[in-house]
Amino acid sequence: MAQRTTIVVQSGDMDKLYSALIIANGSLAMGMEASLYFTFWGLERLRKGGLDKGPLSRMHMLGLGKWMVRQRMRRARVAELERLITDYRALGGRIIACDMTMEIMGIRKEDLREEWIDAYGAVGSYLQDARESQVTLFI
Amino acid sequence: MAQIDVDVRGETCPVPLVEMRKAVLSASKGDTIRVRGSHPASMQEIPMAVEALGITLVAVEGAETDWTITIER
């Protein structure tokens, strides 16, 4: 049975989203399965046009910090978030949107990039995945 | 027995790993995949992933900033 990585993406911060996607893609590259559960601020990033809107988790400096980090990423030829999500799904990675978050924060399916979302779930779905996973992370 | 060439020069983590994985998925048993890249970390990471995938690492050549890794499915 293949190994699995399950990550809760609760943070909407740009750098944290990068970490989640890099770990998720790395897992798939090594032949593992991967699931990403987007909750709260993380789910905001799955809104149409929302993927790149996350602030830096530290040193955001009203956007200046984020701009500087993005400059450095561009110079280092780091892939854009959009590409990381597309690659993730192309390799079979799953994305699950949290039902409860959608209700609390008034997010409707039509507000999200539905083409990226495999399922809408609650805590039970997450636990079914997490209990079978060797790598579980809360980002 | 086909050969698949993957050029990820100029790409950084995790792209070389991802592109290698895509090539392996599209390959048939006995095919050779040659990955050429320039990202130092990937030169260590790809052999790790090859081992985890249970396929064969044929060769790792070149320098940290210009390497060629040959894999057999």
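The analysis underlying the following values was restricted to heavy atoms, covering all of them including side chains, and did not include hydrogens, waters or symmetry mates. Throughout, protein chains are lettered first and strands after them, A, B, ... in sequence-line order, and every chain is numbered starting at 1.
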Counting only heavy atoms not in [X], do more than 12 fall under 6.0 Å of its [atom1]?
{"X": "A:M61", "atom1": "CE", "answer": "yes"}
{"X": "A:M59", "atom1": "CE", "answer": "no"}
{"X": "A:R58", "atom1": "CZ", "answer": "no"}
{"X": "A:W41", "atom1": "CH2", "answer": "no"}
{"X": "A:K48", "atom1": "NZ", "answer": "yes"}
{"X": "A:E114", "atom1": "CD", "answer": "yes"}
{"X": "A:E110", "atom1": "CD", "answer": "yes"}

What part of [X] gets within 4.5 angstrom of chain A, counting heavy atoms only: side chain, backbone, both, or neither?
{"X": "B:V15", "result": "side chain"}
{"X": "B:L25", "result": "side chain"}
{"X": "B:E45", "result": "neither"}

Which of these passes side chain to side chain contact (heavy atoms under 4.5 Å, CB included) with B:P14: A:I23, A:L21, A:L28, A:N25?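 For B:P14, the side chain to side chain contact (heavy atoms under 4.5 Å, CB included) test succeeds with only one of A:I23, A:L21, A:L28, A:N25, which is A:N25.
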For the student: nearest non-hydrogen atoms of [X] and [Y], plus distance:
{"X": "B:L53", "Y": "A:A29", "answer": "CD1-O, 3.5 Å"}
{"X": "A:R77", "Y": "B:G10", "answer": "CB-O, 3.1 Å"}
{"X": "B:T12", "Y": "A:A76", "answer": "CG2-O, 2.9 Å"}

Grouping I, L, V, M, F, W and Y whenever their side-chain heavy atoms are under 4.5 Å apart, do A:M102 and A:Y126 come out in a common cluster?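 No, A:M102 does not connect to A:Y126 through the hydrophobic network.
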Short question: side chain of B:R21, backbone of A:L91 - any donor-acceptor pair under 3.5 Å? no
Can you tell me which of B:E19, B:H39, B:M20 forms the most heavy-atom pairs within a distance under 4.5 Å of chain A? B:E19
For the candidates B:I46, B:V24, B:L17, which exhibits the highest count of non-hydrogen atom pairs separated by less than 4.5 Å from chain A? B:L17
Salt bridge A:D87-B:K22, side-chain N to carboxylate O under 4.0 Å: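 Yes.
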Among A:A79, A:A90, A:G31, which residue has the highest count of heavy-atom pairs closer than 4.5 Å to chain B?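 Max contact count across the listed options: A:G31.
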